[in-house]
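Below is one structure, written out as structure tokens; comments come after it.
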Amino acid sequence: MEVNKDVQLAFEAASKARVNAYAVYSKVKVGAAIKVKGYDQVFAGSNVEYCVNGISVCAERSALSACVTGVGKPEIEYVVVCSNTEPVLYPCGVCLQALSEFCSPELEIYIANKKQIIEKVLYKDLFTHQYGELPKVLDE
């Protein structure tokens, strides 16, 4: 898939982060890169596995934490997710919910394998019913 120079640079950042992933249990290495509107910097992250799987962190949330640390509340322009798997991996529901705090439904998410970006999807097509404001409780 052909992409512009900035998305290609984000892919390279995600790919580098993927190489550094700590995936000693599953061997599934994922890197992610997030471009924030109004900033030239791309924020990358990798998955980090622990022997207690529930405390592991996905690459997308790792990159998102770097964004928040770097710029405060980011407005995400696009995301690149790069995995060493076949088929490639898409963001999980937890990561999509986390991204929902900082993106529009039109957010472009680029999905890649180790060699290249292979697909572009929109956030709204992956996660159609995210939680937003707390619902009104009708009765107990």
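Everything quoted here is computed from the prediction, not taken from an experiment.
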Greater than 12 external heavy atoms within 6.0 Å of Asp40's CG: no
Counting only heavy atoms not in Glu75, do more than 12 fall under 6.0 Å of its CD? no
Residue pair Ala66 / Ala44: nearest heavy atoms and the distance that separates them: CB-O, 4.1 Å
Would you indicate whether the side-chain heavy atoms of Ser104 and Tyr123 approach each other to under 4.5 Å? no
Is there a donor-acceptor contact under 3.5 Å from the side chain of Lys114 to the main chain of Asn84? no
To the nearest 0.5 Å, atom CD of Gln130 lies from atom NZ of Lys124 at 12.0 Å
Does Ile34 belong to the same Ile/Leu/Val/Met/Phe/Trp/Tyr cluster as Val48, with side-chain heavy atoms less than 4.5 Å apart forming each link? no
Spacing of Ile111 atom CD1 and Leu126 atom CG [to the nearest 0.5 Å]: 6.5 Å
Flag yes if more than 12 heavy atoms outside Glu2 fall under 6.0 Å of its CD atom; otherwise flag no. no
Nearest-0.5 Å distance, CZ of residue Phe11 to NZ of residue Lys115: 10.5 Å
A quick test of your reading: do over 12 heavy atoms of other residues, nucleotides or ligands sit less than 6.0 Å from NZ of Lys37? yes
Closest approach of Ser62 to Gly45 (non-hydrogen atoms, all atoms of both residues): OG-CA, 3.5 Å
So how far is it from Ser100 OG to Phe127 CZ, rounded to the nearest 0.5 Å? 6.5 Å
Check whether any side-chain heavy atom of Leu64 lies under 4.5 Å from a side-chain heavy atom of Ile76, and answer yes or no. yes
Indicate, with yes or no, if Tyr90 and Leu122 share a hydrophobic cluster defined by side-chain heavy-atom contacts under 4.5 Å among Ile, Leu, Val, Met, Phe, Trp and Tyr. no
Is there a donor-acceptor pair under 3.5 Å between the side chain of Gln97 and the backbone N or O of Tyr131? yes
Residues Gly31 and Arg18: closest non-hydrogen pair is N-CB, 3.5 Å
Please check: side-chain N/O of Glu49 versus main-chain N/O of Ser26, any donor-acceptor pairing under 3.5 Å? yes
In one Ile/Leu/Val/Met/Phe/Trp/Tyr side-chain cluster, 4.5 Å: Phe43, Val7: no
Could you pull out the closest heavy-atom pair between Ala17 and Ser46, with the gap in Å? O-CB, 3.1 Å
Linked, directly or transitively: Val88 and Val30 (ILVMFWY side chains, under 4.5 Å): yes
Mind checking whether Val42 and Val36 sit in one hydrophobic cluster, side chains of I, L, V, M, F, W, Y counted as touching below 4.5 Å? no
Is a donor on one side and an acceptor on the other found under 3.5 Å between the side chain of Ser56 and the backbone of Tyr50? yes
Determine whether a donor-acceptor pair (N or O, by modelled atom type, separation under 3.5 Å) exists between the side chain of Asn47 and the backbone of Ala23. no
Exercise: identify the closest heavy-atom pair between Glu119 and Val121: OE2-CG1, 3.4 Å
Going from SG on Cys103 to CD1 on Ile109, what distance comes out if it is rounded to the nearest 0.5 angstrom? 7.0 Å
For Val68 against Pro74, the heavy-atom pair lying closest together: CG2-CD, 3.9 Å
Taken to the nearest 0.5 Å, the spacing of Tyr78 OH from Asn4 CG works out to 6.0 Å
